[in-house]
Amino acid sequence: MKILVTGGAGFIGAHVAGKLIARGDEVVIIDNFNSYYEPQLKRGRLDNLVGRQAKVYEIDLADETGVSQVFTDHRFDQICHLGAQAGVRYSLQHPQEYIKSNIVGTHNILENARQHNVTQIVFASSSSVYGANTKIPFSETDPVDRPISLYAATKKSNELEFYAYHHLFGIDVIGLRFFTVYGPWGRPDMAYFSFARKILKGEPIDVYNNGQMKRDFTYIDDIVAGVLAALDNCHGYDIFNLGNNQPVALEDFIDLLETNLGSKSQRNYLPLQDGDVVETYADITKAKTKLNWQPTTDIAEGISRFVEWYKNYYQIS
């Protein structure tokens with residue numbers, strides 16, 4: 001298969017691209033290497049996870065001409081659309097970046113898929129679409145029409161536009177709602193990554209909602225397995241949760257991180273921030289049944305692997 005991976009230098013994208021190449025697929029990557037966080041980390045992912053076997057286009061998804069040229073240069077069997085402006089809190093200060101990347105960029109991918117007869121697409125949605133839903137665990141059948149951040153609103157918008165293109169043009173689509181993905185080569189803007197950095201520097205960490213939060217942390221290898229399962233079973237239109245199905249209390253998570261780092265944290269307790277939810281918890285019954293997918297990495301093992309990578313990458317003894 002020849003597969004376009006958007007956001008292929010991103011955390012999930014680079015891991016997915018590497019696995020696709022390892023199993024024999026041909027991969028083309030689009031990524032803009034923006035400065036939302038350190039671009040050298042993104043290039044390091046390509047060097048270490050993907051290698052030189054993928055054709056890489058350094059363009060923005062909102063660049064209509066640039067995206068169109070990629071589709072002119074290649075005939076794709078499938079698209080794995082993982083490229084997006086990430087981050088709930090960043091969307092409060094930089095809303096235009098989310099409209100450009102997540103709305104305009106996604107539309108450019110969809111329209112080019114239609115024009116070039118690409119009939120199978122797997123795309124990244126987010127657990128953020130569940131907003132402040134109080135029914136736990138979150139199920140794909142729950143209403144998701146009250147997002148509490150612009151990031152979440154753009155992801156819900158993506159789900160709707162993909163459905164419209166499926167209905168109108170017969171494109172097979174699977175949307176994946178990821179739940180707090182973590183692990184080696186992760187995103188520095190995420191809490192576990194920034195906590196590790198600050199703890200090792202002896203700096204205080206900000207703990208929101210006074211620590212009374214839970215997250216369904218899902219290890220990167222499990223997420224990649226789910227993405228590949230979706231690519232291999234892309235028929236009709238469907239949405240799946242990909243989560244660990246085992247929420248972890250934030251305070252317990254920090255304790256585990258401290259143990260692996262060998263250093264204690266200074267915790268600065270703060271109120272709940274705008275856009276944040278108190279708890280995420282994925283019902284993964286549907287993914288188990290239809291994709292034959294199930295996470296296998298518990299939080300203790302996952303954090304251990306992350307810390308080992310972190311110390312090696314940043315050369316910390």
Side-chain angles (χ1 to χ4, degrees), residues 1-87 96-125 154-155 158 161-162 165 171 173-176 178 185-187 220 223-224 227-228 230-231 234:
M1 302 285 277
K2 189 170 191 178
I3 302 174
L4 172 65
V5 179
T6 69
F11 175 32
I12 299 173
H15 279 89
V16 167
K19 288 292 186 183
L20 289 172
I21 290 170
R23 76 176 194 177
D25 293 313
E26 184 178 354
V27 172
V28 175
I29 285 171
I30 293 177
D31 203 292
N32 66 356
F33 296 89
N34 68 20
S35 58
Y36 172 59
Y37 60 81
E38 50 204 74
Q40 66 268 31
L41 178 60
K42 302 174 186 180
R43 299 189 189 281
R45 290 184 187 129
L46 290 184
D47 290 341
N48 287 271
L49 299 172
V50 181
R52 300 184 181 278
Q53 293 171 275
K55 171 69 175 175
V56 180
Y57 288 84
E58 192 166 337
I59 59 175
D60 196 297
L61 291 177
D63 177 357
E64 185 176 355
T65 301
V67 171
S68 180
Q69 187 60 54
V70 175
F71 281 83
T72 300
D73 291 349
H74 304 275
R75 183 175 179 83
F76 298 113
D77 298 298
Q78 293 181 313
I79 297 169
C80 187
H81 178 47
L82 304 174
Q85 177 57 58
Q96 193 59 35
E97 293 301 313
Y98 291 76
I99 301 302
K100 184 177 74 170
S101 295
N102 301 5
I103 304 298
V104 177
T106 293
H107 176 73
N108 285 341
I109 292 297
L110 259 172
E111 186 57 20
N112 274 280
R114 180 186 71 81
Q115 293 175 13
H116 293 270
N117 299 312
V118 185
T119 59
Q120 291 189 328
I121 305 176
V122 170
F123 75 97
S125 186
T154 63
K155 287 299 184 179
N158 290 162
E161 187 175 12
F162 271 105
Y165 270 69
I171 299 174
V173 174
I174 287 181
L176 301 173
F178 298 138
W185 296 101
R187 281 174 30 209
I220 182 61
I223 288 292
V224 172
V227 174
L228 267 60
L231 287 166
C234 189

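For the numbers below, each heavy atom of this structure counts, side chains included, while hydrogens, waters and symmetry mates do not.
Using a 4.5 Å cut-off on side-chain heavy atoms (C-beta onward), N32 and L61 make no contact. In this structure, H116 and T72 have side chains that are in contact, with non-hydrogen atoms separated by less than 4.5 Å. With a 4.5 Å cut-off on side-chain heavy atoms, H81 and T106 count as touching. Under the 4.5 Å side-chain criterion, counting only non-hydrogen atoms from C-beta, F123 is in contact with N158. Counting only heavy atoms from C-beta outward, the side chains of N112 and F76 never approach each other to under 4.5 Å. Taking 4.5 Å as the limit, every side-chain heavy atom of V104 sits out of range of all side-chain heavy atoms of E64. No side-chain heavy atom of Y36 sits less than 4.5 Å from a side-chain heavy atom of E97. Counting heavy atoms from C-beta outward, D77 and I3 have side chains that stay 4.5 Å or more apart.
Of all non-hydrogen atoms in G186 and R45, the two that sit nearest each other are O-NH2, 2.9 Å. When all heavy atoms are compared, the tightest approach of A113 to I121 is CB-CD1, 3.9 Å. The nearest pair of heavy atoms linking V67 to N108 is CG1-O, 4.1 Å. For the residue pair L82 and A124, the shortest heavy atom distance occurs at CD2-CB, 3.8 Å.
Residues that satisfy the side chain to side chain donor-acceptor pair (under 3.5 Å) test with R75, not counting sequence neighbours, are absent from this structure. Take N102 and apply the side chain to side chain donor-acceptor pair (under 3.5 Å) test, not counting sequence neighbours, and it matches T154. In this structure, the salt bridge (charged side-chain N to carboxylate O under 4.0 Å, His left out) partners of E58, at least two apart in sequence or on a different chain, are R43. For the side chain to side chain donor-acceptor pair (under 3.5 Å) test, no residue two or more places apart in sequence or in another chain qualifies with H15. Partners of E161 by side chain to side chain donor-acceptor pair (under 3.5 Å), not counting sequence neighbours, listed by chain and number: H107.
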Name every donor-acceptor pair, under 3.5 Å, that has one atom in a side chain of residues 46-57 and the other anywhere in the protein, sequence neighbours excluded.
residue, atom, partner, partner atom, Å
N48, ND2, G44, O, 2.9
Y57, OH, D73, OD2, 2.9
Y57, OH, H74, NE2, 2.9

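With Y98 as the aromatic partner, K155 does not meet the cation-pi criteria of under 6.0 angstrom to the ring centre and within 45 degrees of the ring axis.
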Evaluate K100 against D60 for side chain to side chain contact (heavy atoms under 4.5 Å, CB included), listing each step before the verdict.
CA-CA 9 Å; K100 184 177 74 170; D60 196 297; 4.0 Å; yes
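Side chain of Q120 to backbone of C234: a donor-acceptor contact under 3.5 angstrom is found.
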